[in-house]
Amino acid sequence: MKYLKPFLLWIGIGFVIACLFAMNPKCNETIGTYVTEDGETVEEQQIKTPFLFASLGISFVVTTLVLMVPGYNKIQKTKAQLPSLEANVKALEERREHQLEQANKVLDKYMAHESGIQVAAANAHVDNGSDFKAIVEKYPELSSNNAVSSLMDQIVKVEGELVHMKTLLNARASEYNGAIHSFPMSMFRKMLKLEDYEFQVTSVTSALDEAPISDEDLGI
């Protein structure tokens with residue numbers, strides 16, 4: 001069924017073109033004659049073989065172009081989304097990095113003043129929201145601090161958004177790369193300068209919904 005529609009379109013367009021050729025006497029050849037009941041001699045003609053093959057060839061080109069137009073437009077639309085998605089990923093990565101720096105500063109400060117937390121978190125460096133959340137929720141001294149609690153929630157939220165955005169970016173990039181290697185686009189990929197999309201995350205700043213936690217709020 002996938003290739004039935006293109007095949008029928010090719011045959012249909014080829015038939016129309018062949019009919020147009022058949023209407024031109026120069027494209028026909030006599031293959032025989034016969035006499036009607038009225039005694040009139042009629043030549044039996046058919047389209048010349050070169051024109052028959054030409055109609056199929058022209059039909060193939062026309063069919064390919066017809067099928068390519070919506071596919072090409074979709075490819076360009078997908079490609080246009082990729083830089084924006086990369087920018088969103090980079091913005092989330094930068095915010096997450098800053099938040100984790102704040103989280104480690106918070107732990108360093110408490111390690112210097114609270115022996116219980118120092119024992120638990122000694123030589124520890126949190127690299128993700130889950131580790132930070134586990135430490136914060138274990139000790140009332142940290143979890144009771146509204147700023148620390150907000151920072152923890154924001155780190156977890158940003159990491160969730162980052163996973164979602166990376167998944168979306170991967171899906172769109174895979175969709176684009178797959179489309180340009182699919183028939184019939186693959187035949188004209190180089191001519192149309194459709195190259196495989198490589199991930200090149202650019203540095204951008206983005207204002208997210210929640211205001212970031214300041215170092216002053218965290219007391220660091």
Side-chain angles (χ1 to χ4, degrees), residues 1-93 160-206:
M1 288 299 295
K2 180 179 179 180
Y3 299 104
L4 180 60
K5 183 178 179 180
F7 177 76
L8 293 178
L9 183 61
W10 172 50
I11 295 299
I13 295 176
F15 176 77
V16 172
I17 296 174
C19 290
L20 294 175
F21 279 137
M23 294 172 63
N24 189 338
K26 294 182 179 180
C27 300
N28 296 321
E29 62 182 352
T30 301
I31 60 174
T33 60
Y34 64 93
V35 180
T36 65
E37 295 180 355
D38 298 333
E40 182 181 358
T41 301
V42 179
E43 293 182 346
E44 185 176 359
Q45 295 185 328
Q46 70 175 18
I47 186 172
K48 294 179 180 179
T49 301
F51 291 100
L52 179 61
F53 283 109
S55 65
L56 294 176
I58 295 173
S59 174
F60 178 79
V61 173
V62 173
T63 301
T64 301
L65 293 176
V66 169
L67 294 175
M68 279 184 60
V69 170
Y72 180 77
N73 290 337
K74 184 178 180 181
I75 285 173
Q76 291 299 329
K77 182 178 179 181
T78 302
K79 185 178 180 180
Q81 296 175 352
L82 295 175
S84 176
L85 292 174
E86 282 192 356
N88 291 338
V89 168
K90 183 60 178 178
L92 289 169
E93 287 178 337
E161 292 176 350
L162 185 58
V163 170
H164 171 72
M165 197 60 62
K166 283 185 175 181
T167 301
L168 187 58
L169 175 59
N170 287 332
R172 291 291 182 270
S174 298
E175 179 182 346
Y176 168 80
N177 291 335
I180 67 175
H181 288 285
S182 299
F183 180 84
M185 196 61 65
S186 57
M187 298 176 58
F188 304 93
R189 182 173 63 86
K190 292 185 178 180
M191 182 180 69
L192 297 173
K193 297 181 180 180
L194 297 174
E195 302 294 337
D196 288 324
Y197 195 85
E198 297 181 359
F199 294 75
Q200 296 178 346
V201 180
T202 55
S203 180
V204 296
T205 58
S206 175

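Just so it is clear, the values below take in all heavy atoms, side chains as well, and ignore hydrogens, waters and symmetry mates.
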Output for pair (Arg172 CZ, Glu86 CD), nearest 0.5 Å, gives 14.0 Å
dist Gln76:CD -> Tyr176:OH (nearest 0.5 Å) comes out at 7.0 Å
The side-chain hydrogen bond (donor to acceptor under 3.5 Å, both in side chains) partners of Glu175 (sequence neighbours excluded) come to none
Here the gap from Leu8 atom CG to Ile13 atom CD1, rounded to the nearest 0.5 Å, amounts to 11.0 Å
Applying side-chain contact (heavy atoms from CB on, under 4.5 Å) to Leu162 and not counting sequence neighbours gives Val89, Leu92, Glu93, Arg96, Lys166
Rounded to the nearest 0.5 angstrom, the OG1-CD1 distance for Thr63 and Ile58 is 11.5 Å
Side chains of residues 14-25: which donor-acceptor pairs under 3.5 Å do they make with residues two or more places apart or in other chains?
residue	atom	partner	partner atom	Å
Asn24	OD1	Lys26	N	3.0

Which donor-acceptor pairs under 3.5 Å do the side chains of residues 180-190 make with protein atoms, sequence neighbours left out?
residue	atom	partner	partner atom	Å
His181	NE2	Asp196	OD1	2.7
His181	NE2	Asp196	OD2	3.4
Ser182	OG	Gly178	O	2.7
Arg189	NH1	Leu194	O	3.4

Between the CG atom in Leu169 and the OG atom in Ser84, the distance rounded to the nearest 0.5 Å is 10.0 Å
| Does Ser55 use its side chain to pair, donor to acceptor, with the backbone of Leu52 at less than 3.5 Å? | yes
Distance col, row Met165:CE vs Lys90:NZ, nearest 0.5 angstrom, shows 15.0 Å
Contacts satisfying ring-ring contact (aromatic ring centres under 6.0 Å, His included) that involve residues 52-80 (not counting sequence neighbours) are none
The side-chain contact (heavy atoms from CB on, under 4.5 Å) partners of Val66 (sequence neighbours excluded) come to Leu9, Val62
